[in-house]
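First up is the structure itself, then whatever we jot down about it.
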Amino acid sequence: MTGRSGRTVRDLRRANRTAVLQRLYFDGPLSRFELGPATGLSSGSVSNVVADLVADGLVEEAGSVDSDGGRPRTLLRVAPLSGHLIGVDVGETRVRVELFDLALTEVARAERPLEQRRYDVEVIVDHIRTGVADVLDASGLAPARLLGVGIGVPGIVEHTPDQGAVVHGQTIGWDAIALESLLRAGSLLPGTVPCFIDNGARTLGQAEMWFGAGRGARSALVVLFGSGVGACLATPEVEHGRAVEWGHLTVRVRGRRCRCGALGCLEAYAGAESLLARWREEGGRVPGDTDEETALEAMLAAAHPPDGGVADPVALAVLEETAEYLGAGLSDLINLFQPERILIGGWAGLRLGPRFLPAVRRHALSYALRHLAQKVTIELGSLGPDAVTVGAAILPLADFFARGGRRPEPDSGPRRPAWQAALRERATR
Ligand SMILES: [Zn+2]
């Protein structure tokens, strides 16, 4: 049956389930009484929807609170074990796979280092496949309990109608890779578990906005500072965030060669890989035969000796110059997007942050327009270096909410991420 607004009874029921699930998830535990004003539903609708969700095993009781003189009110929450999610971070140094319950508590994890920075598609697909198998094995979880697998990748992700997510990862040599089709063709995922692919900076941004230092901000820019750099812009207009290819902003005309092939990109100066390369070029003793994280640690220790010894002036100079490049790069984001908050995440950003942040902040504010600079705060992300996997797991979680907590139909075709459906729905309302 279709109403005058074009929405069917089924749409309405789904929207009500979505509203109750989301409020319980983000603000719960809540009583039925509190759910009314929180969702805008009548008390009768709340009772019906809650009864449905309890019958489906998605909502459970979580104690009770006294009401003013009346009977105690039962508190409700989303049942953490009613579904599981997998988040995958295809990073620049490793593929990390984490299995979460619905409350995003980690249940199991698997890591596959990328030897010699080899990003061959077959290798990555194999790492994802075996990583997913490993976390399912380790947890003893039946694949049918999975609500989906979310994957964060470097590069621009295009959602196409026939091939699903296609990745344009110029810095890792991926030219229009139909990753979603490849994963489906290789029966990566058991049964019909849906898979969602998006840019890693965007998944990080989503995680910080939903659960981290971005909560409550109207607009924020979340920076992923790892081997390279990227950013995610979240504003009321693009509420689920948009990846911006910040690393390829030109900061010096005819400057250093970037991994993308162009000259003078920010990523050729900032990002752990270029930091270490520049230290090496200036004569720094970059430890050979070690991974990037250990090498960056050594650079930091050389610049700021923990025992109070003599600082390596070259390491210090390269780090200080990088802080200025980062600050200048942030000032462009401030001038262009006028965010209320800037959050710096990513393993290198978080590692350097405590020493780096005051200088980065100072440079950003001095390069930006004064009026805009006065309105922005620059802080570190609060979710730690694994935030990309948390953000990747949010992709199937958002889809689960958008479906009103129903499992996806067993169709194995490419699907649009929930946020696209949500935006379309909003546009036609
Ligand atoms: Zn570039």
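Atoms within a ligand are numbered from 1 in the order they appear, just like the ligands themselves. Remember, it's a predicted structure, so these values are computed and weren't measured experimentally. Because only heavy atoms are used, hydrogens play no part in the values below, and waters and symmetry mates are left out as well, while side chains stay in.
Applying the ring-ring contact (aromatic ring centres under 6.0 Å, His included) test to Phe100 and every residue at least two apart in sequence or in another chain returns nothing. Scanning for side chain to side chain contact (heavy atoms under 4.5 Å, CB included) contacts around Leu336 gives an empty result, with sequence neighbours left out. Checked against ring-ring contact (aromatic ring centres under 6.0 Å, His included), Phe337 has no partners two or more places apart in sequence or in another chain.
In this pair, Phe26 and Trp210 present their aromatic rings perpendicular. The plane angle is above 60°, beyond the 30 to 60° band.
Distances shorter than 2.8 Å separate the Zn ion (ligand 1) from the protein N/O/S atoms His248 ND1, Cys258 SG, Cys260 SG, Cys265 SG.
A donor-acceptor contact under 3.5 angstrom links the side chains of Tyr367 and Glu324, judged on distance only. No side-chain donor-acceptor contact under 3.5 Å links Glu267 and Thr171.
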